Amino acid sequence: MDRLEHIYSIIAKEGFADTALQEINNYITAIQNGTEDFSRFNLSEHAGLCKGGAPLIGASIIACYATASITAGGNAEGGKGYIV
């Protein structure tokens with residue numbers, strides 16, 4: 001499980017409780033420090049994301065979670081299973 005999937009799993013289980021928020025913050029810091037990449041973006045998109053700073057990175061993480069959740073819900077209804 002990659003780090004983003006780990007964060008999704010925590011949010012799915014606990015909502016946006018302190019644990020999830022701390023994990024998101026840690027991931028934001030790692031992305032800003034260059035120790036991790038946001039796997040959802042190519043190199044130039046990733047550079048733009050980092051230039052936008054912590055609020056944009058955090059919003060992107062939440063938006064990606066929302067998209068995955070909506071997609072998973074639709075797939076579950078169609079019998080395709082789910083993510084997380």
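Every heavy atom of this structure was used, including side-chain atoms; hydrogens, water molecules and symmetry mates were not. Note that the structure is a prediction, hence the values are computed from the model and not measured.
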So which atom in [X] and which in [Y] form the shortest heavy-atom distance, rounded to 0.1 Å?
X     : Y     : value
Ile28 : Gly58 : CD1-CA, 3.6 Å
Gly15 : Ala20 : O-CB, 3.4 Å
Ser60 : Leu49 : OG-CD1, 3.2 Å
Ala30 : Arg3  : CB-NH1, 3.9 Å
Ile31 : Asp37 : CG1-C, 4.5 Å

- Query: Is it true that atom CG of Asn42 has more than 12 heavy atoms of other residues, nucleotides or ligands lying nearer than 6.0 Å?
  - Reply: yes
- Query: Where do Ile11 and Ile24 land on the side chain to side chain contact (heavy atoms under 4.5 Å, CB included) test, with the steps shown first?
  - Reply: CA-CA 10 Å; Ile11 295 170; Ile24 292 168; 4.1 Å; yes
- Item | Residue pair Ile57, Tyr27: steps toward the side chain to side chain contact (heavy atoms under 4.5 Å, CB included) verdict | CA-CA 9 Å; Ile57 297 169; Tyr27 192 41; 6.0 Å; no
- Ser9 side-chain N/O to Glu5 backbone N/O, donor-acceptor pair under 3.5 Å: no
Report the distance from atom [atom1] of [X] to atom [atom2] of [Y], rounding to the nearest 0.5 Å.
X     : Y     : atom1 : atom2 : value
Cys64 : Leu4  : SG    : CG    : 6.5 Å
Ile62 : Leu21 : CD1   : CG    : 7.5 Å
Asn25 : Ile7  : CG    : CD1   : 10.0 Å

